[in-house]
Protein chains: 4
Amino acid sequence: MGSETADPETAPPPGPRPRPGGRTARTRRQVLDAVLAELGEHGYDGLTVEAVATRAGVHRTTVYRRWRDVGGLLADVLDAAGADDWGPPDTGSLEDDLTGLNEEIHDALTARPPVVPALIAASFRSPQAAEAQRRLWDDRYARCEVVVERALARGDLPAGTEARPLLVAATAPLYHQLLLLGAAPDPQSARRAARATALAAAAGAFTGQPAADT
Amino acid sequence: MGSETADPETAPPPGPRPRPGGRTARTRRQVLDAVLAELGEHGYDGLTVEAVATRAGVHRTTVYRRWRDVGGLLADVLDAAGADDWGPPDTGSLEDDLTGLNEEIHDALTARPPVVPALIAASFRSPQAAEAQRRLWDDRYARCEVVVERALARGDLPAGTEARPLLVAATAPLYHQLLLLGAAPDPQSARRAARATALAAAAGAFTGQPAADT
Amino acid sequence: MGSETADPETAPPPGPRPRPGGRTARTRRQVLDAVLAELGEHGYDGLTVEAVATRAGVHRTTVYRRWRDVGGLLADVLDAAGADDWGPPDTGSLEDDLTGLNEEIHDALTARPPVVPALIAASFRSPQAAEAQRRLWDDRYARCEVVVERALARGDLPAGTEARPLLVAATAPLYHQLLLLGAAPDPQSARRAARATALAAAAGAFTGQPAADT
Amino acid sequence: MGSETADPETAPPPGPRPRPGGRTARTRRQVLDAVLAELGEHGYDGLTVEAVATRAGVHRTTVYRRWRDVGGLLADVLDAAGADDWGPPDTGSLEDDLTGLNEEIHDALTARPPVVPALIAASFRSPQAAEAQRRLWDDRYARCEVVVERALARGDLPAGTEARPLLVAATAPLYHQLLLLGAAPDPQSARRAARATALAAAAGAFTGQPAADT
DNA sequence: GTTTAAGCGAGACGGTACGTCTTGTCTTGGC
DNA sequence: GCCAAGACAAGACGTACCGTCTCGCTTAAAC
C-alpha cells in the first residue's frame with residue numbers, strides 16, 4: 001500500500017530550521033536512500049549505521065548527529081515514505097477497489113529486494129520507529145476510507161458500515177500470509193480477501209452495532 | 001492460539017542422545033523458561049544470552065553449547081511451545097468456534113507481560129527461529145481445520161469451502177491490529193472478525209474456484 | 001615564579017593585524033581567561049575548545065579562526081602570561097632572594113584551582129605550546145640572573161659562578177616535588193632548597209670549571 | 001632511574017588468580033611492550049588503544065577488558081616497570097653515587113626513542129596512571145636512601161641528615177632541565193647537580209632542624 | 001561400584017556494532 | 001563582506017553482545 005520513496009523535502013525532521021536548500025537536504029536524501037538499499041540487501045538485521053553512512057557517502061557521525069540512533073533513522077525513512085500523494089484505486093466497485101489495494105500490498109510485500117518487509121521488521125527494533133510505522137499505516141488507512149464512503153454513496157453497503165474495520169479485514173490476510181506465515185506469494189489472495197470482505201460487508205458485518213447475535 | 005508453555009521433554013533438541021532424565025532436561029526447562037521471562041521483561045531486542053543464562057542459573061557457554069546461537073534457542077522455545085495437545089473450541093457453530101479461537105489469540109497477544117508478541121518479533125532475528133515460528137503456526141492452523149470440517153458436515157458451509165484461507169481470514173485481523181497496527185485491545189474485535197468471516201464463508205467466499213471474475 | 005595573568009594586548013598573536021582596541025582585544029581576553037578557568041576546573045585534559053568558547057561567550061569557529069588550534073591557544077595564553085613586568089625579590093641576601101623566589105613558585109603550584117600545573121601539563125600537548133612554555137621559563141630565569149649578579153657584586157659568591165645552573169638547582173626541587181612527585185605542599189621546602197643551593201654556591205659548586213675530578 | 005622494562009610476571013595486576021602461566025601472561029607482556037613501543041614512536045599523545053592492540057597482535061576489546069582504559073594500561077606498564085631489582089650505585093663516595101644515579105636518569109630521559117619522557121607525560125592523563133607513576137618514584141627513592149645511609153656511616157655527612165630531601169635535591173635539576181625546560185642534554189649536568197648537593201649536604205643543608213637562621 | 005565420557009562452570013579472546021566526544025574544516029545565511 | 005551558527009569528515013573512546021575456544025571439575029550413564 002503506497003510507496004516507500006517520496007518527496008522528502010516536505011517533511012523536515014526535527015531541528016529549528018534545517019537549511020531548506022543545499023547540502024543538508026541532499027545529505028538527508030542520500031542517507032534515507034542508503035537505508036532502503038541496505039535493508040533490501042541485508043535485511044532488517046544487517047542494517048548498520050556504518051554501512052548506511054558509507055553507501056550514502058557520508059561519515060558515520062553525521063548520521064548519529066542528525067538521527068541520533070538507528071530508530072530515528074528508520075522513523076525518518078518511514079515519515080519520508082508517507083509523504084507522498086498516494087490514494088486508493090477508484091474502480092466503481094468496492095470489491096475491485098479492495099482488490100486493487102490488496103494487489104499493491106501484495107506487490108510491496110513480495111517485491112525484490114524485500115525492502116518493505118525488512119522495513120516493517122526493523123521497525124520493531126525501536127519504539128520510535130514503531131511509532132512512525134503506525135503513523136504511516138494510520139495515514140494510509142485514513143486515505144483509504146474514501147473507498148468505503150464511495151460504496152456507501154452508491155448504496156452498495158448498509159448504512160452504518162464502519163470503514164476502518166472493513167479495511168483492516170480486507171488487507172490483514174495479505175500481511176498475515178506474506179509477513180508472518182511466510183506463505184508463497186499467491187496472485188489470487190488479493191482478490192479472495194477483497195471479495196470475502198465485500199461479501200461480509202454487504203451482509204452487514206461491519207455495521208457499528210452488532211444488532212445482538214442475530 | 002495455543003499456549004507458549006508446554007511439555008518440553010517430548011521434543012529433544014538436536015543433540016545425539018539427550019540423557020532423558022536428570023540435569024540435562026532440567027537445564028533445558030530452566031533455560032527455555034528464562035527466555036520467555038526475559039522476552040516478557042525486556043522485549044525482543046533486549047534478549048541476551050548472558051541474561052538468559054544468568055536467570056536460568058546456568059553458564060553462558062552452556063547455552064551456546066546446547067543451542068548454538070540465539071536463533072537455535074528461540075527455535076527450541078517455539079518447538080516446545082507447540083508440543084502440547086491444544087485444540088480449537090467446539091461450540092456447534094462456526095462463528096462461535098472462530099470467536100473462541102480469536103479470543104484466545106487476543107488474550108495471547110495482549111497478555112502482560114507481552115511474551116507472545118516479543119517471541120514473534122524475536123523470531124525475525126534468525127531464519128531458524130522464523131522457520132520454527134512458521135512451523136508452529138502451520139501446526140496450529142492444521143489443528144483448526146476441524147472447525148471448518150464440522151461446519152461443512154453440519155451443512156453450514158457450501159461444499160468446496162477451503163479451510164485454510166477461511167481460518168487465515170478469520171484470524172488475520174487480530175494479528176494485524178494488535179501486532180502491526182499497535183491498536184488498543186478491543187474485546188469486540190474477536191467476534192467481529194469471526195462473524196465477518198462466517199458470513200463470507202456462508203456466501204461462498206472460500207470455495208476453491210472463484211467462479212471467474214463476475 | 002611570575003603570574004599567569006598579565007597585560008595581553010602587548011603580545012598580539014599570529015593574526016595579520018590585530019586591531020588594537022575594541023572587540024578583537026576584548027574577545028582575546030575573554031578567551032584566554034576562559035582557557036585558564038577551564039584548566040582550573042577540569043584539568044589539562046578536560047580542556048576543550050567547545051567549553052572555552054562557550055565560557056568566553058564566543059563561537060567555536062572564532063577560536064579556531066584566531067588561534068588555529070589548541071596548541072596556538074595555549075601558546076598565546078603562555079605568551080600573555082609572560083608579558084608582565086615581574087622581577088625577582090631583592091632582599092640583600094642570596095638565600096633570602098632564592099627563598100622568596102621559591103615561595104612564589106610554591107604558591108603558584110599549590111594555588112587552588114591548580115591553574116599553573118594544568119597549564120604546564122597541557123603544554124605537553126602541542127609542540128607550539130611547549131615552545132611557548134619554555135620561552136616563558138627562559139624569560140623568567142633570565143630576569144632572575146640579577147639575583148646572582150648582585151650576590152657576586154656583594155662578594156658572597158666565588159668569581160665565575162654561573163647564574164643559570166644555580167637558579168635551576170634552587171628551583172628544580174620545588175617543581176619536582178609538587179609537579180612530578182605529587183608530594184604534599186611543604187612550607188619549609190622553599191627555604192630548604194634555597195639554603196642548600198646558597199651553601200653549595202658559596203662552596204663554589206657553580207663555577208664554570210669543575211676543577212677537574214678531585 | 002631504573003629501567004622501564006622488567007619481569008612482569010611478578011606483579012599480577014588485579015583479578016583473583018590470573019592463570020599464572022600461559023596465554024594470559026603472554027598477552028599481558030605483549031600488550032605492555034606494545035605500549036612502550038608506541039609511546040616511543042608516537043609520543044604520549046599518539047598513544048591509541050587501537051595501535052597498541054594491533055602491535056600486540058591482540059584485539060582492541062581484549063585491552064579494554066583487561067585494563068579498562070588507557071589509564072589502567074599505563075598504570076600496569078608503570079607497575080611492571082617498577083617490579084625489578086634495581087639498586088643505586090655503590091662507589092664509596094656520596095658525590096659519585098649521586099653522579100651515577102644522575103647519569104642513569106640522564107640516559108633514561110635522553111634515550112632514543114624517548115620512552116621515559118613520553119611515559120611520564122602520559123601519566124598526567126589519568127589519575128590512575130599518575131598514582132602508579134608516583135608509586136614508582138617513591139619506590140625508587142626509597143631504594144636510594146641507602147646511598148645516604150652509607151655516607152652517614154662513613155661519617156661524610158652530619159648526623160641528622162635526611163635522605164629524601166637530599167635525593168630530591170640531587171636529582172630534581174636533571175628532570176627539570178630535560179623534561180620541563182627542554183634543555184639540550186649536557187653530560188656535565190649529572191655531576192654538577194651531584195656535587196652541589198653533596199657539598200650542601202656536607203655543610204648540613206639537609207639536617208632536619210634548620211638550626212634557626214644561622 | 002567403578003569407570004568414562006558428556007555436560008558443565010569459568011573466563012579469555014576475536015570480532016562487530018554501537019553511540020559519544022573532540023578536533024579542525026567548510027558552508028551557509030544573516031547582519 | 002564579515003562572522004555567527006552549525007554541518008561535516010575523521011577518528012578515538014569505551015561499552016555491549018556475540019560466538020569460539022580451552023581448561024578442569026562434576027555427574028550421570030554404562031559396564
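Quick note on labels: first sequence line is chain A, next is B, and so on, each numbered from 1.
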Can you tell me how far [atom2] of [N] sits from [atom1] of [X], to the nearest Å?
X      : N      : atom1 : atom2 : result
C:L47  : E:dT23 : CG    : C1'   : 12 Å
B:R66  : E:dG9  : CZ    : P     : 10 Å
A:L74  : E:dC18 : CG    : C1'   : 14 Å
C:L73  : E:dT22 : CG    : P     : 16 Å
B:R28  : E:dC8  : CZ    : P     : 12 Å
C:D45  : F:dG14 : CG    : P     : 11 Å
B:R125 : F:dC17 : CZ    : P     : 11 Å
C:W67  : E:dT25 : CH2   : C1'   : 18 Å

[X] side chain, from C-beta outward: closest of [options]:
X     : options                : result
D:V70 : F:dG14, F:dG19, F:dC8  : F:dG14
C:D69 : E:dC26, F:dC13, E:dG24 : E:dG24
C:R60 : E:dA17, E:dC13, E:dT25 : E:dT25
D:Y64 : E:dC18, F:dT15, F:dA4  : F:dT15
A:R65 : F:dC3, F:dG14, F:dA9   : F:dA9
B:T61 : E:dT20, F:dT20, E:dG19 : F:dT20

Set of side-chain contact (heavy atoms from CB on, under 4.5 Å) partners for [X], sequence neighbours left out:
X      : result
D:A132 : D:A75, D:L78, D:D79, D:R135
D:D45  : C:R125, D:R125
D:A56  : D:Q30, D:V31, D:A34, D:V58

Could you check whether any side-chain heavy atom of A:D69 comes within less than 4.5 Å of a side-chain heavy atom of A:V49, counting everything from C-beta outward? no
In degrees rounded to 10°, what angle is found between the helical axes fit to the five outermost pairs at each end of the helix from E:dG1-F:dC31 to E:dC31-F:dG1? 30°
Side-chain N or O of C:T62 versus OP1/OP2 of F:dC3: is the shortest distance under 4.0 Å? no
Describe the nucleic acid contact of C:R68 in one word from base, sugar-phosphate, nothing, applying a heavy-atom distance below 4.0 Å. sugar-phosphate
Mind running a 4.0 Å heavy-atom check of residues 49-59 of chain A against DNA chain F and sending the residues that fall below it, in number order? A:G57, A:V58, A:H59
Tell me which pairs pass salt bridge (charged side-chain N to carboxylate O under 4.0 Å, His left out) where either residue lies in residues 52-61 of chain C, with sequence neighbours left out. C:E38-C:R55, C:E41-C:R55, C:E50-C:R60
Looking at residues at least two apart in the chain, or sitting in another chain, which of them share a side chain to side chain donor-acceptor pair (under 3.5 Å) with D:T61? D:H59
Which residues pass the side chain to side chain donor-acceptor pair (under 3.5 Å) test with D:T48, sequence neighbours left out? none
Is C:D76 paired with C:R66 through a side-chain N to carboxylate O contact shorter than 4.0 Å? no
Heavy atoms of A:A80 and A:L32 approach each other most closely as CB-CD1, 3.8 Å
To the nearest 0.5 angstrom, please state how far the CD atom of C:E131 sits from the CG atom of C:L74. 14.0 Å
